[in-house]
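Scroll down for the structure; my scribbles are underneath it.
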Amino acid sequence: MEATINRFIERLKENRSLRPLYRNVDFCVELKGKRVNYLLAFDKEGCRRIGEGKADVTISGKDKDLVHLLEGKERLLMMVQRQALDIQGAYRRQLKLESLFLLNGTEKYLIYQLS
């Protein structure tokens, strides 16, 4: 999962069109897998992993489901609806994260299926 998170961060750095979604509001997201937890910070500098901090949004579930989310293979709220993932935090941030994960994902066909 660590490699998937690193690829997600690198794609986000390259994708300048997504910066308006997170550059004006600083927030942290905790990804809680079965074995390890990761904390991602979003701010005007971009997205990076941090060691400690308070999460504004917590997403928990199986590692494979978190990988699918980071790769944009499935929509966040659909995964929550089918109980593959659990999410805690403000609904507005959940929607923002769903957009970031979907638009920054490797699975571009999903975007076309939605339109």
Side-chain angles (χ1 to χ4, degrees):
M1 188 156 112
E2 187 170 344
T4 304
I5 289 174
N6 291 335
R7 283 192 303 271
F8 173 80
I9 292 171
E10 287 304 314
R11 283 192 314 271
L12 199 57
K13 283 181 186 176
E14 295 170 5
N15 198 343
R16 294 178 169 259
S17 62
L18 296 180
R19 285 188 183 163
L21 289 174
Y22 59 86
R23 73 172 175 209
N24 294 329
V25 179
D26 297 350
F27 63 98
C28 290
V29 178
E30 183 178 18
L31 300 172
K32 294 175 83 171
K34 294 297 180 191
R35 293 179 296 231
V36 291
N37 298 346
Y38 297 96
L39 197 59
L40 300 178
F42 292 86
D43 56 27
K44 64 183 178 196
E45 303 296 322
C47 176
R48 65 190 187 292
R49 284 181 40 198
I50 58 175
E52 292 182 9
K54 182 180 182 299
D56 299 296
V57 176
T58 302
I59 303 171
S60 54
K62 294 179 183 173
D63 290 349
K64 72 175 182 86
D65 291 324
L66 291 170
V67 167
H68 284 176
L69 176 68
L70 289 164
E71 291 176 345
K73 290 182 177 178
E74 293 188 63
R75 293 176 53 198
L76 173 60
L77 297 180
M78 296 291 276
M79 294 177 82
V80 170
Q81 185 177 23
R82 68 176 177 82
Q83 298 178 347
L85 295 176
D86 182 48
I87 188 165
Q88 310 266 310
Y91 190 66
R92 185 174 186 171
R93 292 229 170 100
Q94 292 177 26
L95 292 174
K96 190 175 287 203
L97 285 169
E98 180 172 61
S99 298
L100 280 172
F101 291 134
L102 181 65
L103 296 173
N104 193 48
T106 59
E107 303 294 327
K108 299 300 182 197
Y109 73 90
L110 187 58
I111 295 171
Y112 298 117
Q113 288 179 346
L114 297 174
S115 51

Requested in this report: With sequence neighbours excluded, give me every ring-ring contact (aromatic ring centres under 6.0 Å, His included) pair touching residues 37-65.
Outcome: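 For residues 37-65: Y22-F42, F27-F42.
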Query - All pairs passing ring-ring contact (aromatic ring centres under 6.0 Å, His included) where residues 62-101 contributes a residue, at least two apart - result: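 ring-ring contact (aromatic ring centres under 6.0 Å, His included) check on residues 62-101 returns F8-F101.
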Side chain to side chain donor-acceptor pair (under 3.5 Å) partners of [X], counting only residues at least two apart:
| X | answer |
| --- | --- |
| R23 | none |
| D86 | Q88 |
| D43 | R48 |
| R7 | T4 |

Report task. Can you run down the side chain to side chain donor-acceptor pair (under 3.5 Å) pairs that involve residues 54-64, sequence neighbours left out, and say none if there aren't any? Result ->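 Found R35-D63.
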Query raised in the report: Where do K32 and L66 land on the side chain to side chain contact (heavy atoms under 4.5 Å, CB included) test, with the steps shown first?
Result: CA-CA 8 Å; K32 294 175 83 171; L66 291 170; 5.8 Å; no
Query raised in the report: If we only count heavy atoms from C-beta on, is the L31 to N37 side-chain gap below 4.5 Å?
Result: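 Sidechains of N37 and L31: no contact.
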Query raised in the report: Would you say the side chain of L40 lies within less than 4.5 Å of the side chain of I50, judging by non-hydrogen atoms?
Result: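 In short, these two side chains do not touch, never coming nearer than 4.5 Å.
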Query - Under-4.0 Å salt bridge between K13 and E10 - result: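 Yes, K13 and E10 are salt-bridged.
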Report task. Please identify each residue that fulfils side-chain contact (heavy atoms from CB on, under 4.5 Å) with A84, with sequence neighbours left out. Result ->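 Expected list: D65, M79, R82.
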Query raised in the report: Considering residues at least two apart in sequence or located in another chain, which fulfil the salt bridge (Lys or Arg N to Asp or Glu O under 4.0 Å) criterion with E2?
Result: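 Result, salt bridge (Lys or Arg N to Asp or Glu O under 4.0 Å) vs E2: R49.
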**Report entry** Non-neighbouring partners of E98 that pass salt bridge (Lys or Arg N to Asp or Glu O under 4.0 Å), sequence neighbours left out
**Finding:**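 Testing E98 for salt bridge (Lys or Arg N to Asp or Glu O under 4.0 Å), a comparison that skips the adjacent residues, returns R75.
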Report task. Find out if a path of hydrophobic residues (ILVMFWY) with successive side-chain heavy-atom gaps under 4.5 Å connects L70 to M78. Result ->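 No, L70 and M78 fall in different hydrophobic clusters.
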